[in-house]
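Bear in mind the structure is a predicted one, so any value in this text is a computation, not a measurement. Side chains included, hydrogens not; waters and symmetry mates left out as well; all remaining heavy atoms used.
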Amino acid sequence: MPTLDLSGRNYRDVPYEQKERLFEEVKADMRFDDYLHGCYDCGICVAACPSARFYDFSPRKIAQTVSREDVDLFYLFLNDSVWDCSQCFSCDVCPRKNSPGGLITLMREVAVKNGLASAQEALEGYGRVVYKIMATGTQVSPDMLQDNAFPDWGPHVKDISKNLETWRRALPPETLHTTETSWQVDDKTITELYLIWHMTGVMDMIKEVDEGLFMILQDVMEERLEEAGYDDISFD
Amino acid sequence: MIPHSAIFNQAKDRSFELDPAMAPNEDYHDILDRLEREGEWVVHRVPRPWVEEKNKYGRIKKIPVEKTWHHKSCGQCGHIPGYSTSVFWLNRKLGLDYLDPTDQTSCTAWNYYASATSNAAAQAAVAMRNFAAAYETGYFPIIHCATSFGHYKETREQLIHNPELRRQVREILGKLGKQLIMPEEIVHYSEWVHSVRERIAEKNVVDMSGLRATVHPACHYHKLIGEDAIYAPEVYGAQRSAIITGLLQALGMDVRDYSTWYDCCGFGFRHILVSRDFSRSFAVQRKIEVMKEEADPHVLITHDTGCVTTLDQSQFAAKAHGKNVGLPVMSDSQLAALSMGAHPYMVLQLHWHSTDVKPLLEKLGIDHKQKWAEFEAACAKLESGEKQYLTWEDAYA
Ligand code: SF4
Ligand code: SF4
């Protein structure tokens, strides 16, 4: 198991003010006060945590660090730890009613919004999934089942991709005959989804971590919205 | 190896009373009603008839029997389509009215928990758009995916506690021509299966009583805002959530315990897509091998997109490493449908699963070779152009 370097030497050159700004961003999230009420340092969250068994990862250390406002250590975890979390929320068992997993969600959001290199690296190879969910309204579509994408899942993946179109038409529910989306989604529904992305600034986050993906999504969404009569909407 | 009997057969399942007076928080039903009276939102009431179950704190949770609006799951419909097909098949076989909508998006939470490329307002708006769409049809939302279920509970909590978030989301929905609608209960389909389990058992045509099974409950079902999960004195003495196990017991199956019941499956959201070494290791070492060694089950029954995916698909590569794997995995909906005589390929769609289910089907006296031949013959009609789609009538064959 690779060991986390907690010495701080990796981020010595990052100005303290920068680390503090990111920390304050996490604290400013409206969910922060629900997710952290101090920490007993009891380690119950670690006992329940799947990621702690396989990585040098600890929800206790993160809860302690954020509670004690150790900004340097926070920045280290923000870069080197948060992407190991499984977001299972087993740690919600916390006797102090914390949600270390929830804290990690907030930290990840701040890492993405600020375009940290570690966030970009963690999301490498993930762009196709983000594209699917944002552009089509469903996430892991049938056509993503390709044997080169899931070679470790077994030979049935190849059979599925070979027979995909027929096997989808063989599904009794009418909504499931699709291959590019998980089910048939109405045009109006997709338009509403794009309006939500627009009104909540989500595309600005995408721009920070993956400029290329942002541009593709922007084209797809602006065109669709224009067709639906929203010609004044721009994601720039 | 620690035999199952040595660890668990001694349990008498002493039952502790689920007393709402001991609950650590205010009842969310009261808060929803109060906010409705204050004009903050409209509460979508559970339609009659409903079944009254008890949640973790002993409060009544109403589970609708019919008039259900099926909030589908991307991972189930996309990669395990027999999962959702079985839910619909059960409704049809039980003669219950339901709606399979196209005005529905994913909850988008798989992506959110994997990449964090979203925020609280967007996530809440996506949830509330779906809830408003359900309300407009007169059908009540029932959620297929445990992560959608968990995320929607989380969203409800955030909206309850943050007036500013309510205002923001109400404004967004207003621009879409929709009202802010909050369902009286957030209902997972396994809860519906649980509440109609006696009806399922009455229509049982395949004897399940010779099967040993292990159960894996989804973290986002019973840990993430755990309050809503269903508990029952007759299942684990109300010390663990009752869903799945209650169904298997109603079907006369031998549900066997194992020491990592509480553990996650290892799905990890981002891990299953881009760091699968973690998911595989966890699923195999902490779940499958433990179950096999301690409980020797014929089948593993679980109830979520991520859990079925991870526990089923992780076993193939582990076999190459000599791991103790080879345990068929399916959802409670698939097992319930199988017990009522559903076709293993037309309805359960078991050819989308990785683990070998043929020995299990043989044990149940189901001629899988013939069933596969029937499925292939039906597909040949699609390929020749004789038919464009298979329909529910074909699935009853
Ligand atoms: S949410 Fe993250 S920190 Fe919490 S138990 Fe799961 S993996 Fe561990
Ligand atoms: S976050 Fe909670 S469970 Fe974890 S160490 Fe702190 S008090 Fe204990």
Checklist entry - So how far is it from His156(A) NE2 to Ser354(B) OG, rounded to the nearest 0.5 Å? => result 4.5 Å

Item to check | Step-by-step side chain to side chain donor-acceptor pair (under 3.5 Å) determination, Thr166(A) to Glu383(B) | outcome: CA-CA 7 Å; Thr166(A) 306; Glu383(B) 275 169 352; 3.0 Å; yes

Checklist entry - Does any heavy atom of chain A fall under 4.5 Å from the side chain of Leu273(B), the backbone, both, or neither of them? => result side chain

Item to check | Non-hydrogen atoms of Cys74(B) and Trp183(A) that approach each other most closely | outcome: N-CZ3, 3.4 Å

Checklist outcome for this item: From the list Ala121(B), Ala378(B), Ala122(B), Gly82(B), the residue making the most non-hydrogen contacts under 4.5 Å with chain A is Ala122(B)

Checklist entry - By a 4.5 Å heavy-atom criterion (distance strictly below it), what part of Ser141(A) contacts chain B: side chain, backbone, both, or neither? => result backbone

Checklist entry - Roughly how far, to the nearest 0.5 Å, is OG of Ser73(B) from CD of Gln139(A)? => result 9.5 Å

Checklist entry - Looking at Glu157(B), Glu164(B), Lys178(B), which makes the most heavy-atom pairs under 4.5 Å with chain A? => result Lys178(B)

Checklist entry - In terms of heavy-atom proximity below 4.5 Å to chain B, should Leu213(A) be classed as side chain, backbone, both, or neither? => result neither

Checklist entry - Which bit of Ala122(A) comes within less than 4.5 Å of chain B, counting heavy atoms only: side chain, backbone, both or neither? => result both

Item to check | Closest non-hydrogen atom pair, Lys223(B) against Ser90(A) | outcome: NZ-OG, 2.9 Å

Checklist outcome for this item: Expected contact set for residues 167-176 of chain B against chain A at heavy-atom separation under 4.5 Å reads Ile172(B), Lys175(B), Leu176(B)

Checklist entry - Can you say whether Phe282(B) sits under 4.5 Å from chain A via the side chain, the backbone, both, or neither, judging by heavy atoms? => result both

Item to check | Heavy-atom donor-acceptor pair, Asn119(B) side chain to Thr200(A) backbone, under 3.5 Å | outcome: yes

Next on the checklist: Under the criterion ring-ring contact (aromatic ring centres under 6.0 Å, His included), I'd like the reasoning laid out for Phe57(A) against Phe278(B): C-alpha separation, chi angles, the key distance, then a yes or no.
Outcome noted: CA-CA 13 Å; Phe57(A) 171 83; Phe278(B) 165 78; 9.4 Å; no

Checklist outcome for this item: Rounded to the nearest 0.5 Å, the CD atom of Glu192(A) sits from the CG atom of Asp103(B) at a distance of 6.0 Å

Checklist outcome for this item: Applied to residues 261-281 of chain B, the salt bridge (Lys or Arg N to Asp or Glu O under 4.0 Å) test, sequence neighbours excluded, yields Asp152(A)-Arg276(B), Asp152(A)-Arg280(B), Asp263(B)-Arg286(B)

Checklist entry - Atom OG of Ser182(A) and atom CD1 of Ile80(B): how far apart are they, to the nearest 0.5 Å? => result 10.5 Å

Checklist entry - When you measure from the side chain of His351(B) to the backbone N and O of Asp159(A), does any donor-acceptor pair fall under 3.5 Å? => result no

Item to check | Residue pairs fulfilling ring pair (Phe, Tyr, Trp, His ring centres under 6.0 Å) with at least one residue in residues 115-151 of chain A, sequence neighbours excluded | outcome: Phe150(A)-Trp153(A)

Item to check | Gap separating the OH atom of Tyr112(B) from the CD1 atom of Ile133(A), nearest 0.5 angstrom | outcome: 14.0 Å

Next on the checklist: Looking at every heavy atom in both Met205(A) and Ala116(B), which two are closest together, and how far apart are they?
Outcome noted: CE-O, 3.2 Å

Checklist entry - Which region of Ser51(A), side chain (C-beta onward) or backbone (N, CA, C, O), has a non-hydrogen atom less than 4.5 Å from a non-hydrogen atom of chain B, or is it both or neither? => result both

Checklist entry - Atom CG of Asp186(A) and atom OG1 of Thr105(B): how far apart are they, to the nearest 0.5 Å? => result 11.0 Å

Item to check | Segment of Cys85(A) engaging chain B (4.5 angstrom heavy-atom cut-off) | outcome: backbone

Item to check | Residues of residues 107-115 of chain A contacting chain B, heavy-atom criterion under 4.5 Å, by residue number | outcome: Arg108(A), Glu109(A), Val112(A)

Checklist entry - Is it the side chain or the backbone of Trp83(A) that comes within 4.5 Å of chain B heavy atoms, both, or neither? => result both

Checklist entry - Would you say the side-chain atoms of His79(B) pair up with the backbone N or O of Met144(A), donor to acceptor, closer than 3.5 Å? => result no

Next on the checklist: Is Leu171(A) close to chain B through its backbone or its side chain, or both, or neither, when contacts mean heavy atoms under 4.5 Å?
Outcome noted: both

Checklist entry - Going by heavy atoms in the side chains, are Phe269(B) and Ser86(A) under 4.5 Å from each other? => result no

Next on the checklist: Which heavy atom of Ser115(B) sits nearest to which heavy atom of Val130(A), and what is that distance?
Outcome noted: OG-CG2, 4.3 Å

Checklist entry - Which bit of Glu124(A) comes within less than 4.5 Å of chain B, counting heavy atoms only: side chain, backbone, both or neither? => result backbone

Item to check | Over 12 non-hydrogen atoms of neighbours within 6.0 angstrom of CD in Glu180(A) | outcome: no

Checklist entry - What option among Ser279(B), Ala317(B), Pro24(B), Cys264(B) has the most heavy-atom pairs under 4.5 Å with chain A? => result Cys264(B)

Checklist entry - Which pair of heavy atoms, one from Glu154(B) and one from Tyr35(A), lies closest together, and at what distance? => result OE2-OH, 3.5 Å

Item to check | Closest non-hydrogen atom pair, Thr189(A) against Thr102(B) | outcome: OG1-O, 3.8 Å

